[in-house]
Amino acid sequence: MSDLEQLKSDALTQIEAAGDADALEAVRVAFLGKQGSISVLLKTLGKMTPEERQTQGPAIQGLRAAVADAIADKKTTLENAELDARLATEKLDLTLPAPDSPQGSIHPVSQVMDELAEIFADLGFAVATGPEIEDDWHNFTALNMAETHPARAMHDTFYFPDVDADGRRMLLRTHTSPVQIRAMQAQGAPIRIIAPGRVYRSDSDATHTPMFHQVEGLVIDKGIHLGHLKWTLETFFKAFFEREDITLRLRPSYFPFTEPSVEVDVGYSNEGDRRVVGGHGDEPGYDWMELGGSGMVNARVLEFAGIDPDEYQGFAFGLGIDRIAMLKYGMNDLRAFFDGDPRWLRHYGFSPFDQPTLSAGVGAKA
Ligand code: PHE
């Protein structure tokens, strides 16, 4: 083996053996540093005859390049190994149990929606949803409110300035009732759903915010009557407020999409500045509070949604979620629900680990 080949094989062996960046640097200095053996060889080129230089030049330069390349490759290998080792020590096991005191909390509105879903699931109701940006037809027309219907004026609707590609007038839904139409169109009869969600009206004071929450309920089947509605609401409220002494009052009312229509009042009493449900609203010390609207689904609405009113009938209700949340958990200003103040959320929020279940009690500890 020539001297050059020997030198190259020595260099490559040492490079291969270098276990870390420092060792590799030492090898580099030994061969390519100022006094390194290859650098010294390069200097000998100047004293050679032109003929010698013509063969030795490329050979020594080739040796230098091969060794430099091998060092660069080894450097990359060492760096990758170092990164892998670091990643291995910094690994985060996401399957570990979460800390004892988590920072976030579940908003009372979300909590109440989970409670609703749990209670109604037990009664055989599925959860349905619909868009918050709704069209005029689903929000009004199909609910028996024609273009000129005076009830439209009561809704303080947020309209979008333009019509959509199909010429439909778009709006922010003013109630969850359009989900009735969508559910009936999508699945036909029989039907048993609730539809919790956000609704919007141009209205703002201590008891009204421009965005608030409702839960719609809809049951369509054969032979459904007002008695089913009253039983369902009573059973729901008893489970929700976790007390048996709930008294409902169904008061005659008017909604274009139900006939007959009834407003739902519940008995309550004042405890300090807090209203507590329970008892008969006509007894001394008690009063009635309105929780929402309901009634038997108007035959015209069934027709709009493609269901034969001679075969099927049903009831519907719409309750204010924020209202029943305030009643159950004792808040007195609706606006604070949507301020996003972390102190309010810490006080009224719920642990994410405290999922409402019927067996453990839907009213999780605050
Ligand atoms: N959609 C009505 C409202 O928001 C409430 C309602 C729902 C009434 C279902 C009757 C039946 O005021």
Side-chain angles (χ1 to χ4, degrees), residues 109 116 120 125 127-132 134-146 149-158 171-184 191-203 207-221 224-234 236-237 248-266 289-302 304-305 307 309 312-325 334:
V109 169
L116 291 170
F120 277 108
F125 286 67
V127 173
T129 56
E132 289 171 29
E134 195 41 288
D135 59 72
D136 198 274
W137 190 83
H138 286 92
N139 195 82
F140 289 125
T141 311
L143 289 161
N144 199 28
M145 280 180 273
H149 200 291
R152 284 193 178 206
M154 289 164 22
H155 281 234
D156 299 312
T157 311
F158 287 113
L171 45 84
L172 292 177
R173 67 178 181 192
T174 57
H175 51 177
T176 42
S177 299
V179 186
Q180 286 186 35
I181 305 297
R182 291 184 176 276
M184 286 190 271
I191 220 168
R192 218 186 285 185
I193 53 130
I194 58 163
R198 294 191 182 111
V199 300
Y200 304 83
R201 290 184 200 177
S202 172
D203 206 349
T207 54
H208 296 90
T209 47
M211 185 279 295
F212 57 105
H213 301 85
Q214 286 188 335
V215 59
E216 196 78 8
L218 176 70
V219 170
I220 305 284
D221 211 326
I224 298 293
H225 54 72
L226 263 187
H228 294 121
L229 168 62
K230 186 157 196 253
W231 182 90
T232 304
L233 289 172
E234 253 167 26
F236 161 66
F237 282 122
L248 290 189
R249 180 176 73 174
L250 299 189
R251 196 163 27 85
S253 184
Y254 173 76
F255 298 102
F257 33 95
T258 45
E259 180 60 35
S261 301
V262 287
E263 259 162 294
V264 184
D265 299 341
V266 68
M289 187 188 325
E290 188 191 318
L291 293 183
S294 66
M296 300 305 294
V297 178
N298 191 307
R300 284 179 56 81
V301 172
L302 294 174
F304 270 119
I307 290 179
Y312 287 102
Q313 47 283 132
F315 66 77
F317 58 83
L319 305 170
I321 292 183
D322 316 286
R323 268 202 149 184
I324 62 172
L334 180 62

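Note that these values count all heavy atoms, side chains included, but never hydrogens, waters or copies made by symmetry. Numbering of residues begins at 1 and proceeds along the displayed sequence. Atoms within a ligand are numbered from 1 in the order they appear, just like the ligands themselves.
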- Taking atom OG1 of Thr141 and atom CD1 of Ile181, what is their separation to the nearest 0.5 Å? 10.0 Å
- Item | Spacing of Tyr312 atom OH and Asp221 atom CG [to the nearest 0.5 Å] | 6.5 Å
- Task: Look at the rings of His155 and Phe140 and say which category their plane angle falls in: under 30° parallel, 30 to 60° tilted, over 60° perpendicular.
- Result: perpendicular
Write 'none' if nothing qualifies; otherwise put on separate lines each N/O atom of ligand 1 with a protein N/O atom under 3.5 Å away and their distance to 0.1 Å.
{"residue": "ligand 1", "atom": "1 (N)", "partner": "His175", "partner atom": "ND1", "Å": "2.9"}
{"residue": "ligand 1", "atom": "1 (N)", "partner": "Ser177", "partner atom": "OG", "Å": "2.9"}
{"residue": "ligand 1", "atom": "4 (O)", "partner": "Arg201", "partner atom": "NH2", "Å": "3.0"}
{"residue": "ligand 1", "atom": "4 (O)", "partner": "Gln214", "partner atom": "NE2", "Å": "2.9"}

- Query: Strictly under 6.0 Å, is that where the ring centroids of Phe125 and Phe317 end up?
  - Reply: no
- Query: Would you call the rings of Phe304 and Trp137 parallel, tilted or perpendicular, where under 30° means parallel and over 60° means perpendicular?
  - Reply: perpendicular
- Message: Using the side-chain hydrogen bond (donor to acceptor under 3.5 Å, both in side chains) definition, which of the options Asp136, Thr157, Asn139, Thr174 pairs with Arg152?
- Response: Asp136
